[in-house]
Amino acid sequence: MTDKPVSNNPLPNKERIKLPRQRVPEQLAEIRACNFQEVNLGFPPEMARQESLRCIECPHPGCIEKCPVSVNVRAVIDLILAGDYLGAASKVREDNALPAITGRVCPVEDQCESGCVLGKKGEPVGIAYLERFVADWERETGQFGSPVSAPATGKKVGLIGSGPASLACAGDLIQMGHQVHVFEALHELGGVLVYGIPEFRLPKDIVHHEINVLRRRGVVFETNVVVGKTVTIDELMHEEGFDAVFIATGAGLPRFLNVPGEHLNGVYSANEFLTRVNLMRAYRFPEFDEPLYPCKDRDVIVVGGGNTAMDAVRSALRLGAKSASIYYRRTEKEMPARVEEVHHAKDEGVHFEMLVNPTRFLGDEKGNLTHVECIRQELGEPDDSGRRSPVAIKGSEFTVPCQVAIIAAGTSANPLIQSTTPGLAVTKRGYISADDSLATSKPGVFAGGDIVTGGATVILAMGAGRKAAKSINEYLKGLNGAAVETEKAAVN
Ligand SMILES: Cc1cc2nc3c(=O)[nH]c(=O)nc-3n(C[C@H](O)[C@H](O)[C@H](O)COP(=O)(O)OP(=O)(O)OC[C@H]3O[C@@H](n4cnc5c(N)ncnc54)[C@H](O)[C@@H]3O)c2cc1C
């Protein structure tokens, strides 16, 4: 007798491990480098089946353990093998409200795929591509395995921000029967998913679709509401009847290098550059007339080594840059960007200059950027992040022509809500303090995602959103208990 569930995989394990990993079809590098259409084209059904056949169905699947929201990858793969794609999509949605998004942007090499035993000797199963396949199939065929919501509780929860943390929290809270109202400062919903990550990695239609699914399930969305300015958290709770609030405002305040010349025309924060390109659709000029200091026929340098830097440099390339380069102060090994994005950038012709740091930006008499002076670095002792810190090599300065520079040196928390919410505890670095349950120092107020952890990943933000939903639900049940006690006291 064995506990092994019935499997839809007809192959013995020794055959499965011989199967090569399926290569997802992509737009050719020389073509995609000139357009903003999606780079990865996704698995067609037969490739999804072939890739699913590689799974050896481990009794203790490391892929589930390594997924921050514990998607039941094994069950999903088995449903794909059964040809039940809608069932597979519903299975993913039990743990992950935004599968078409995470299937495109998750750093899988550090998460699910790092737990796949096939990766120890060869290549792991392409889990994200499979997740994307079922989510796309669900959307493209107009079907949706909507989870059933609990009866209405009459409780109202306000969610601040509409990034992945809020969207995941909204999905769970609406299913628990609560009223959910999302407030977003910008005119478009989705957080970094719409203003940061470019169309060629994550088409905006997909984000809109996922948001519409939540809307159909009853979540109310309100844009152009800057909480802390338009309305405060105290007003929401004491005047507008919200029983609890979840703050998920992200970490969107750009950091600069603080070197001379950063004020010159042509020097951008990556945040501003990407917002203009993505959210304001500058890449669709003249259809969208968003002002953007032109990249066309210019030398563009992007300073940084994360996903933001890759998105900025690949966008600059697509906007017609003569040269598009990454300048990073450590080596490629320490670069935090997803491996796939680095490969894609290289294939498209992005130049990588490692172990360099800008020391000043130089301009002409009109205040336009013309050159950047840099200094070469070597790696010293590890810093707080565990990565070896760069140390400048004396006398190694050099100057290169550069008419557009984009600084992608990280972000920090916008202080607006923290400064307008009395009693809300904040960390030394300005992020909101929250305990393990994501409760803040203020009763009924919870926080999660980048505003608590600092810049992280979509799936970690979603994990925080789900955890907060659970804690908020417990808190609201407690409020019911308190109401019953008050009623009893009144009767006695
Ligand atoms: C360019 C870029 C590329 C990235 N690429 C990847 C990737 O490939 N894979 C990955 O996993 N992660 C990636 N990340 C990181 C990931 O996007 C974030 O970790 C994630 O979006 C954080 O989610 P969040 O919900 O906490 O906040 P956000 O997505 O930042 O959303 C916060 C929302 O709150 C709104 N807001 C802020 N203040 C207020 C206010 N006072 N009132 C109302 N609304 C407010 C903001 O406008 C925003 O819409 C990337 C980040 C960037 C910037």
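This is a predicted model, so every value here is computed, not measured. Read the numbers this way: they start at 1 and go in the same order the structure lists the ligands and their atoms.
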| Looking only at distance, does Thr308 have an N or O less than 3.5 Å from an N or O of ligand 1? | no
| field | Identity and separation of the nearest protein heavy atom to atom 49 (O) of ligand 1 | value | Glu184 OE1, 2.6 Å
| query | Is Glu199 salt-bridged to Arg318, cutoff N-O under 4.0 Å? | reply | no
| query | Do Arg54 and Gln22 meet the criterion of a side-chain donor-acceptor pair at a distance under 3.5 Å? | reply | no
| Going by the order shown, which atoms of ligand 1 are within less than 4.0 Å of some heavy atom of Pro107? | 11 (O)
| Ligand-side contact atoms (ligand 1) for residue partner Gly161, heavy atom cut-off under 4.0 Å | 33 (C), 34 (O), 35 (C), 44 (N)
| message | Quick one about Glu240 and His181 (side-chain donor to acceptor, distance below 3.5 Å, no hydrogens or angles considered), yes or no? | response | no
| message | Does atom NZ (Lys229) have a neighbourhood of more than 12 heavy atoms from anything else shown, all under 6.0 Å? | response | no
| field | atom 27 (O) of ligand 1 [closest protein heavy-atom partner, distance rounded to 0.1 Å] | value | Gly250 CA, 3.4 Å
| Between Ala165 and ligand 1, does any nitrogen or oxygen pair lie at a separation below 3.5 Å? | yes
| request: Consider every N or O of Cys106 and every N or O of ligand 1, then say whether any pair is closer than 3.5 Å. | output: no
| Thr453 (side chain) donor-acceptor with Gly449 (main chain) under 3.5 angstrom | yes
| message | I need the minimum non-hydrogen distance between Gly448 and Ala165, along with the two atoms involved. | response | O-CB, 4.2 Å
| Any donor and acceptor pair, going by atom type alone, linking the side chain of Thr440 with main-chain N or O of Val445 inside 3.5 Å? | yes
| field | Contact (N/O only, under 3.5 Å) between Ile417 and ligand 1 | value | no
| query | Do Arg284 and Asp289 sit within salt-bridge range, that is, some charged N less than 4.0 Å from a carboxylate O? | reply | no
| task | Going by heavy-atom distance to atom 28 (P) of ligand 1, choose the closest among Ile160, Val192, Leu202. | result | Val192
| task | Verify whether the ring centers belonging to Tyr293 and Phe273 lie closer than 6.0 Å. | result | no
| request: Answer yes or no: is there an ion pair linking Asp311 with Arg201, defined by an N-O contact shorter than 4.0 Å? | output: yes
| Close approach of Gly455 to ligand 1, heavy atoms, under 4.0 angstrom | no
| said: Please check whether Gly196 reaches ligand 1 - meaning an N/O of the residue sits under 3.5 Å from an N/O of the ligand, judged on distance alone. | reply: no
| remark: ligand 1 to Leu186, heavy atom cutoff 4.0 Å, flagged ligand atoms 47 (O)
| message | Check this for me: does any side-chain nitrogen of one of Arg104 and Glu210 sit under 4.0 Å from a carboxylate oxygen of the other? | response | no
| query | Taking heavy atoms and a distance under 4.0 Å, where does Arg338 meet ligand 1: side chain, backbone, both or neither? | reply | side chain
| task | Check each of Ala456, Gly306, Cys169 against atom 15 (C) of ligand 1 and report the one with the nearest heavy atom. | result | Ala456
| query | Numbering the atoms of ligand 1 from 1, which are under 4.0 Å from a heavy atom of Ala248? | reply | 32 (C), 33 (C), 34 (O)
| message | Regarding ligand 1, does Val458 bring an N or O atom to under 3.5 Å of one of the ligand's N or O atoms? | response | yes
| message | Students should be able to answer this: which protein heavy-atom is nearest to atom 31 (O) of ligand 1, and at what distance? | response | Gly163 CA, 3.5 Å
| message | Does any N or O of ligand 1 fall below 3.5 Å from an N or O anywhere on Arg201, backbone included? | response | yes
| Residue and atom name of the nearest protein heavy atom (relative to atom 40 (C) of ligand 1), distance in Å to one decimal | Val227 N, 3.7 Å
| field | Within the 6.0 Å centroid threshold, strictly below: Phe43 and Tyr129 | value | yes
| message | Tell me if a side-chain donor or acceptor on Arg330 pairs with a main-chain N or O of Met335 at a distance below 3.5 Å. | response | no
| said: Taking atom CD as the centre, does Glu123 end up with more than 12 heavy-atom neighbours from other residues, nucleotides or ligands that are less than 6.0 angstrom away? | reply: yes
| said: Check for me whether Gly228 has a heavy atom closer than 4.0 Å to any atom of ligand 1. | reply: no
| query | Can you find an N/O atom of Ile459 closer than 3.5 Å to an N/O atom of ligand 1? | reply | no
| query | Who's the nearest protein heavy-atom neighbour of atom 37 (C) of ligand 1, and how far? | reply | Thr249 O, 3.3 Å
| Which of the atoms of ligand 1 are close to Ile197, meaning less than 4.0 Å from one of its heavy atoms? | 3 (C), 4 (C), 5 (N), 6 (C)
| task | Indicate yes or no: does an N/O atom of Asp450 lie under 3.5 Å from an N/O atom of ligand 1? | result | yes
| task | Say whether Val105, considering both its backbone and side-chain N or O atoms, lies within less than 3.5 Å of an N or O atom on ligand 1. | result | yes
| Heavy-atom contact under 4.0 Å between Pro164 and ligand 1? | yes
| Sidechain-backbone polar pair: Lys155 side chain, Leu479 backbone, donor-acceptor under 3.5 Å | no
| query | Should we say atom CG of Asp383 is surrounded by more than 12 heavy atoms from elsewhere, each under 6.0 Å from it? | reply | yes
| Which atoms of ligand 1 have any heavy atom of Gly449 under 4.0 Å away? | 26 (O)
| request: Please state whether the rings of Phe36 and Tyr283 are parallel, tilted or perpendicular, taking 30° and 60° as the class boundaries. | output: parallel
| remark: Numbered in order shown, the ligand 1 atoms found under 4.0 Å of a heavy atom of Val225 are 42 (N), 43 (C)
| request: Tell me which protein heavy atom sits closest to atom 3 (C) of ligand 1, plus the residue, atom name and distance to 0.1 Å. | output: Asp311 OD2, 3.2 Å
| request: Considering heavy atoms of the protein only, find what lies nearest to atom 6 (C) of ligand 1 and give residue, atom and distance to 0.1 Å. | output: Asn307 ND2, 3.6 Å
| Ion pair present between Glu113 and Arg21, side-chain N to carboxylate O less than 4.0 angstrom? | yes
| query | What part of Leu274, side chain from CB on, backbone N/CA/C/O, both or neither, has a heavy atom under 4.0 Å from ligand 1? | reply | side chain
| With atoms numbered from 1 as shown, which atoms in ligand 1 lie under 4.0 angstrom from a non-hydrogen atom of Gly191? | 29 (O), 31 (O), 48 (C), 49 (O)
| note | In this structure, atom 44 (N) of ligand 1 is nearest to the protein heavy atom Ala185 N, 3.1 Å
| request: Could you tell me whether the side chain of Asn271 and the main chain of Gly252 form a donor-acceptor pair under 3.5 Å? | output: yes
| request: For ligand 1, note which part of Ala270 has a heavy atom under 4.0 Å away: side chain, backbone, both or neither. | output: neither
